[in-house]
Structures are given as C-alpha cells and as structure tokens.
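Read through the structure below, which is laid out as structure tokens, and then see the notes.
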2 protein chains.
Amino acid sequence: MVKPVVVRNLHGQVVQELGRLIVSGEIAPGVNLPREELLAEHMKVSRTALREAMKVLSAKGLIESRQKTGTRVRDTVHWSQLDADVLAWRCASMPTDDFVEKLAEMREIIEPAAAAAAARRRTADQLGRIEAAYEAMAASTDREEWSVADLAFHEAVLHATHNELMISLFSVIETALGSYLALSARKASDFKYSLPHHKKVLDAIRRRQPEVAREAMHKMVADSRSNIRRHAKKA
Amino acid sequence: MVKPVVVRNLHGQVVQELGRLIVSGEIAPGVNLPREELLAEHMKVSRTALREAMKVLSAKGLIESRQKTGTRVRDTVHWSQLDADVLAWRCASMPTDDFVEKLAEMREIIEPAAAAAAARRRTADQLGRIEAAYEAMAASTDREEWSVADLAFHEAVLHATHNELMISLFSVIETALGSYLALSARKASDFKYSLPHHKKVLDAIRRRQPEVAREAMHKMVADSRSNIRRHAKKA
DNA sequence: CGGGCATTATTTGTACTACATAATATTACA
DNA sequence: TGTAATATTATGTAGTACAAATAATGCCCG
C-alpha cells in the first residue's frame with residue numbers, strides 16, 4: 001500500500017536525506033548548514049548535486065540560502081506542511097499519536113464534505129465507479145483485497161466532487177495516514193464490518209442526497225478514527 | 001494584500017517562467033521540452049541554472065526527466081495542486097469563475113471545521129488574539145484596515161485549532177483567493193457589514209461552543225461566497 | 001575615543017567544460 | 001528475419017573558475 005518512493009537520482013537521495021534530518025528536528029530551525037563545499041564533501045557528492053537538492057528543499061520552504069550568510073533551516077511555519085515529501089518525513093520521524101490525530105482530523109473534515117459534493121455533482125459514470133468499488137469490497141475475501149477496494153471507493157467519491165484540490169488534499173492525507181489506516185480494519189475475522197456504512201454512503205450519492213451522504217460518511221470516518229485511537233492507546 | 005513574490009535568484013525566475021507556461025497549458029502535458037542545452041540557450045541562462053529550476057518543477061510534479069528520453073510535462077493528476085506556486089500560477093492564468101468556485105468551496109469546508117476545533121481547544125492566549133483582531137475590525141475606518149484585521153481574525157482562529165495542517169491549507173487557499181476576497185467586501189460604504197457575523201463566531205469560541213461556532217462561521221463564508229459569485233456574474 | 005566609511009573576506013550564485021550513465025536507434029551477424 | 005552488439009543522444013554528475021552580495025574588519029577623521 002505504501003509506495004517506497006524509489007529515487008534514482010543522486011540529488012533526490014540528498015533531498016531525502018537532508019529533508020528527513022530537518023523535519024525530524026535533528027537539524028533545528030535557525031541553525032546554519034555547513035557551507036556547500038564542506039557539506040558536499042561530507043555527503044560524498046559534488047557541489048552540483050548538492051545544490052540541486054538544496055533548491056528543492058528551498059522550494060518546500062525548509063531552508064533559505066543567502067550569499068555570505070549561508071544556508072539556514074527556516075522556522076516550521078514556512079514549511080509546506082501539505083507537501084507529500086514533508087508529510088512523509090514527518091510520518092517517518094514523528095509517528096506520535098498526536099500527529100496521527102491531526103491527519104485523522106483533516107480526513108474527518110474533508111471526506112464528509114466530499115461525499116456531500118459528490119451527491120450533488122456526480123455523473124452517471126462516476127456513480128458507476130463508486131458502485132464498482134463497493135461491489136469489489138463486498139466480494140473481497142481477505143483484508144488485502146478489501147483494502148484496495150476500500151481505497152478505490154474513497155477515491156471514486158473524491159473524483160465525483162469535480163474539485164481537484166479536494167482530490168489532491170485527500171490523496172496526500174491518505175498516503176500519510178497510510179499504514180495507520182490498516183489499524184482501523186479490526187481483527188481479521190470481521191474486516192468487512194464497515195460495509196453497511198459504505199452502502200449508506202453509496203445509496204445517498206445515488207439518490208443525490210447531499211446531507212444524508214455527509215452524515216453517513218461522517219459516521220464512517222469517525223468510527224475509523226476511534227478504532228485507530230483505540231489501537232494507538234494499546235501500543 | 002497580494003505579495004508580488006519577488007525572486008532574486010536566476011533559477012527562481014526560470015521556475016516562474018516555465019511553471020507559468022506549463023500550468024497555463026501553453027506547454028501541454030505529454031509534450032517534450034527542448035533538450036537542456038537548447039532550452040538553456042533559448043532562455044539565455046546556463047544549463048546549471050536551468051537544471052536547478054527543472055529539479056524544482058520536478059519536485060512539484062510538473063515535469064519528469066529521464067536520460068535519453070528527455071524532459072516531458074506530466075499529466076495534471078501528478079501536479080502538486082496544493083503547492084503555493086502551482087496555485088498562484090493557476091490563478092494568474094486561469095482566473096475563471098470555475099476555479100474560484102473550487103477555492104471558495106475548500107474554504108467553506110475548512111473554516112467552519114476550524115471554528116469548531118478552535119472553540120474546543122483554544123487557549124486563553126489564543127482567544128485574546130482573536131478578540132484583538134475583532135476589536136481592530138470594529139475600530140477600522142477604511143476597507144484597507146478592515147481587510148488586514150479580517151485576515152488576522154481568520155488566522156487567529158486557525159491557529160487556535162492547534163492543527164498546523166489546517167493552518168497551512170488555509171493560508172494556501174487564502175493567498176490563492178487573494179484579490180477575489182476583496183470582492184466579498186461590498187461597496188465602500190458598508191464594508192463592516194459582516195462584523196456581527198464575526199461577533200457570533202468570537203462569542204461561540206469564547207464560550208467553547210463548537211457547534212455554534214461552526215454554524216456561525218459557515219453562515220459567514222457562505223455569505224462571502226455568494227457575494228463573490230454575484231460580482232463574478234456581473235463581470 | 002567613537003562613529004562612519006571604505007576594504008576585505010567569505011559564502012552563495014552563475015557559467016562552462018568534461019565525462020558518466022542510461023535508454024533508444026542502428027547495424028551487423030547468424 | 002530475429003537477435004545481439006554497437007552507436008547515438010539525452011540527462012546525470014563532477015569539477016573549476018569567476019561574479020555578486022554582504023557580514024566583518026579596520027581605517028580615517030571628527
């Protein structure tokens with residue numbers, strides 16, 4: 001489910017390495033990085049590759065370079081918190097319940113609103129995709145199959161909103177939550193427990209009932225969230 | 001209100017130029033860019049500067065480079081739609097009512113939820129900041145003053161949610177809406193017309209009444225949205 | 001002795017060259 | 001004709017040289 005983000009470029013590796021160090025707090029905001037020449041030498045790459053990486057991190061708002069002053073880590077308020085990489089680094093370094101809560105909160109805001117919008121604007125074709133995903137969920141025989149279909153269901157709903165900003169936001173939140181979502185699927189025996197919830201959402205979207213869809217989706221994600229919370233508490 | 005995003009670096013200029021061309025659709029997804037050497041020559045910059053820019057655009061998901069194949073513009077589904085630059089380029093090139101609607105929809109989803117969260121979790125200090133912003137709005141004597149205080153109000157509410165993802169999302173949406181928000185402030189004579197709305201939100205947050213705050217904020221942004229829509233229709 | 005101004009030193013910014021690597025296109029050979 | 005070796009060509013990486021900006025220094029003069 002979680003794609004390993006394979007990087008073939010050298011500068012990409014440097015981006016990952018430095019990005020992780022910064023987001024994890026190992027290099028705190030305000031401190032200066034070693035100058036390019038030294039840092040390049042230390043990381044065993046050319047200054048060229050290092051600089052290409054720095055431009056990327058700079059674009060994400062993590063660092064700021066000025067002549068003579070050097071390159072320093074910017075305060076967290078300037079970071080592109082919704083950037084896929086930044087989010088991934090946070091998840092990798094700070095898997096605190098606190099942060100998962102924040103992600104789940106975002107999801108709980110977005111998804112009900114998306115369901116309502118989908119009920120209002122969905123086309124016949126888009127409804128078809130949601131139905132297909134639902135059928136796949138109903139027909140699944142193990143957790144793996146179910147997870148894939150579940151994801152397809154939510155994606156189909158998002159697409160039916162006709163708002164690419166919402167789609168983008170969800171996909172970012174979703175990948176960040178990633179493995180944690182697996183926690184919301186209870187024990188292996190009743191992995192289909194939330195199927196009725198999905199049915200209600202589907203029906204509401206089919207009948208073009210925005211408020212019903214919103215409410216049904218809200219129940220669903222709130223339920224999923226409390227499950228995650230329960231699991232988190234145990235660990 | 002809208003900051004002009006001044007870029008001192010050469011590669012930054014190239015990023016802006018190419019980014020705008022791509023997002024506006026003048027360079028369509030799927031087509032290959034000229035090879036680095038030619039493009040650098042055409043843009044009157046060194047290949048170094050061009051490449052640093054390409055890495056940034058690549059990080060935003062706009063382009064994809066592979067050896068021998070060349071560099072091609074990726075499909076829109078891969079773009080970081082929530083990236084501040086990408087959003088700014090879209091606003092600059094495609095100021096269609098359609099897109100403004102999508103931004104406004106996002107705002108209408110986020111802000112009420114934020115108000116509710118703020119009512120639940122605000123500290124005394126954060127309440128103080130919201131109150132201060134409200135006082136500044138009440139005391140304002142022209143539209144300019146009012147706009148600044150208004151923005152401060154919404155930011156203060158967002159900060160009281162204790163969720164930096166929400167703060168980040170709002171700030172991106174907000175800057176993108178930018179000038180359009182000015183449209184929601186009616187004619188110069190009654191620029192304070194929404195002050196009572198703000199009062200209700202403030203009171204609800206003070207009294208820690210999430211649902212009341214949500215409802216009040218919802219009324220406010222829905223109102224603002226319909227104003228924007230009305231103006232858009234006229235133009 | 002202290003303040004303002006010119007100088008210097010240092011760090012990033014830009015340019016250019018050279019070569020490595022990967023992926024495609026071509027050609028030679030079976 | 002099919003396959004494998006080879007050539008071609010684009011990006012990837014390295015390294016050098018110099019430009020530009022600015023913090024830090026030190027000098028001069030009041």
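Below, each value reflects all heavy atoms present in this structure, side chains not excepted, and no hydrogens, waters or symmetry copies. Sequence lines set the chain letters: A, B, ... in the order given, protein chains first and strands last, and positions in each chain run from 1.
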[X] [atom1] to [N] [atom2], straight-line distance once rounded to whole Å:
X	N	atom1	atom2	value
A:L50	D:dA14	CG	C1'	13 Å
A:H11	D:dT13	NE2	C1'	12 Å
B:E41	C:dA15	CD	C1'	14 Å
B:N9	C:dT12	CG	P	13 Å
B:L10	D:dA19	CG	P	16 Å
B:E37	D:dT9	CD	P	12 Å
A:R8	D:dT13	CZ	C1'	16 Å
A:L39	C:dT11	CG	P	13 Å

Are [X] and [Y] within salt-bridge range, i.e. N to O under 4.0 Å?
X	Y	answer
B:E101	B:R225	yes
B:R47	B:E41	no
A:E64	A:R72	no

Could you check whether the side chain of B:Q67 and the base of D:dA10 have a donor-acceptor pair of N or O atoms closer than 3.5 Å, going by distance alone?
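Donor-acceptor pair under 3.5 Å: no.
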Regarding D:dT11, can its base be found pairing with the side chain of B:E36 as donor and acceptor, where the two atoms are less than 3.5 Å apart?
no
Kindly say if A:S46 contacts the phosphate of D:dT13, meaning a side-chain N or O under 4.0 Å from OP1 or OP2.
no
Given DNA chain D, 5'-ward residue of the pair A:T48 and B:M54, judged by closest heavy atom:
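Final value for this comparison: B:M54.
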Given C:dA23, D:dT11, C:dT12, identify the nucleotide with an atom nearest to the side chain of A:T71.
C:dT12
A:V45 side chain, from C-beta outward: closest of C:dT12, D:dA14, D:dG12
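From the listed options, D:dA14 comes nearest.
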Which of parallel (below 30°), tilted (30 to 60°) and perpendicular (above 60°) describes B:F170 and B:H154?
parallel
Looking for any heavy atom pair under 4.0 Å, which part of the strands does B:R66 touch: base, sugar-phosphate only, or nothing?
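Result for B:R66 = sugar-phosphate.
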Please determine, by modelled atom types, if A:T71 and A:S65 share a side-chain donor-acceptor pair under 3.5 angstrom.
yes
Which comes earlier along DNA chain C counting from the 5' end, the contact point of A:R47 or that of B:K68, where each point is its nearest nucleotide?
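Per heavy-atom nearest nucleotide, the more 5' residue is A:R47.
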